[in-house]
Amino acid sequence: GFGVCIWEWSGTSSNLVFNNPTLMNNANDGLLIGSQHGCTVSGVTVNGGTISGNGRGGIFIYRAPGWADGVIEDVSITQANISGNVGWGVAAIMPYETVIAEFNWWGARDGPSGEGPGSGDAVSSGVDYCPWLGATPGTSPMTYGVDPTSGPGDVAEAIAQMEPGD
């Protein structure tokens, strides 16, 4: 099963906010977001929480083949512990736009695997994972990681997040 399934079949779902969710040990996904032809899911925000031990993916965003007119937009995941998922940490299959998954812990100091440079939970293409947290959220002092191929903007974002002592 799924921890939470948001699948729009007939209209629009919008402005869905999950604060500190615990989405763990589901056979499929911790959070599944999908949209049918002509439907929209817009404004999904995950702030913090633990997304771990899920079978296919921690967060799986999916526009099925043939449903390319479905819209999934404005998805943001930050300050979450995304680790120990079997398949993906965050996967965006046929994304409508880039999924923002910055400032998360991926289970490894060197960041996410897959399209990422590290050995943590995998991210797919279409996921902006950089910068990431170098330890679980709430660790002090915190460290941050950036992909050396990503450009100076990510370094500036990481510096802007730092607290005294980081």
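Just so you know, residue 1 is the first one in the sequence shown, and it goes up from there.
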Legend entry - Derivation and outcome, side-chain contact (heavy atoms from CB on, under 4.5 Å), residues V4 and F18: CA-CA 10 Å; V4 174; F18 299 89; 4.0 Å; yes

Using every non-hydrogen atom in the two residues, find where [X] and [Y] come nearest and quote the distance to one decimal.
X	Y	result
S83	G107	CB-CA, 3.6 Å
S35	G70	OG-CA, 3.7 Å
A80	G48	CB-O, 3.5 Å
Q161	Y144	O-OH, 3.4 Å

Inset, instruction - Take L133 and Q79 through the test side-chain contact (heavy atoms from CB on, under 4.5 Å) and record every step on the way to the result. - result: CA-CA 8 Å; L133 301 179; Q79 297 291 323; 3.9 Å; yes

Inset, instruction - Apply side chain to side chain contact (heavy atoms under 4.5 Å, CB included) to A156 and list each qualifying residue two or more places apart in sequence or on a separate chain. - result: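 With sequence neighbours excluded, A156 shows a side chain to side chain contact (heavy atoms under 4.5 Å, CB included) to no residue whatsoever.
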
Connected via hydrophobic side-chain network under 4.5 Å: [X] and [Y]:
X	Y	result
W9	L32	yes
I72	L16	yes
L31	I100	no

Name the atoms and distances for all side-chain donor-acceptor pairs under 3.5 Å in residues 84-92, with sequence neighbours left out.
{"residue": "N85", "atom": "OD1", "partner": "G53", "partner atom": "N", "Å": "3.4"}
{"residue": "N85", "atom": "OD1", "partner": "N54", "partner atom": "N", "Å": "3.0"}
{"residue": "N85", "atom": "OD1", "partner": "N54", "partner atom": "ND2", "Å": "3.0"}
{"residue": "N85", "atom": "ND2", "partner": "I51", "partner atom": "O", "Å": "3.0"}
{"residue": "N85", "atom": "ND2", "partner": "D121", "partner atom": "OD2", "Å": "2.8"}

Measuring from atom [atom1] of [X] to atom [atom2] of [Y], what distance do you get when rounded to the nearest 0.5 angstrom?
X	Y	atom1	atom2	answer
C130	E157	SG	CD	8.0 Å
D74	S14	CG	OG	10.0 Å
M142	F103	CE	CZ	10.5 Å
I82	S52	CD1	OG	10.5 Å
W132	D147	CH2	CG	5.5 Å
I33	I6	CD1	CD1	5.0 Å

Legend entry - Counterpart residues, side-chain hydrogen bond (donor to acceptor under 3.5 Å, both in side chains), relative to T143 (two or more places apart):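 T143 satisfies side-chain hydrogen bond (donor to acceptor under 3.5 Å, both in side chains) with no other residue.
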
Inset, instruction - Name all residues meeting the side-chain hydrogen bond (donor to acceptor under 3.5 Å, both in side chains) criterion together with S125; count only those two or more places apart in sequence or in a different chain, and write none if there are none. - result: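 Per chain and number, S125 pairs via side-chain hydrogen bond (donor to acceptor under 3.5 Å, both in side chains) with no residue.
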
Inset, instruction - Name all pairs fulfilling the side chain to side chain donor-acceptor pair (under 3.5 Å) condition that reach into residues 99-116, sequence neighbours left out, sorted by first residue then second. - result: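 Pairs touching residues 99-116 that pass the test: D110-S119.
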
Legend entry - Validation row: F60, S124 side chains within 4.5 angstrom (heavy atoms):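 They are not in contact (no side-chain heavy atoms under 4.5 Å apart), so the answer is no.
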
Inset, instruction - State, yes or no, whether a side-chain contact exists between N26 and F2 at a heavy-atom distance under 4.5 Å. - result: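 Sidechains of F2 and N26: no contact.
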
Inset, instruction - Could you walk me through whether S13 and E8 pass side chain to side chain donor-acceptor pair (under 3.5 Å), step by step? - result: CA-CA 7 Å; S13 294; E8 186 54 60; 2.5 Å; yes

Donor-acceptor pairs under 3.5 Å, side chain of residues 38-47 to any protein atom, not counting sequence neighbours: which ones?
{"residue": "S42", "atom": "OG", "partner": "E73", "partner atom": "OE2", "Å": "3.2"}
{"residue": "N47", "atom": "ND2", "partner": "N19", "partner atom": "OD1", "Å": "2.9"}

Inset, instruction - Show your working on side-chain contact (heavy atoms from CB on, under 4.5 Å) between I77 and I59 and close with a plain yes or no. - result: CA-CA 9 Å; I77 306 113; I59 299 177; 3.6 Å; yes

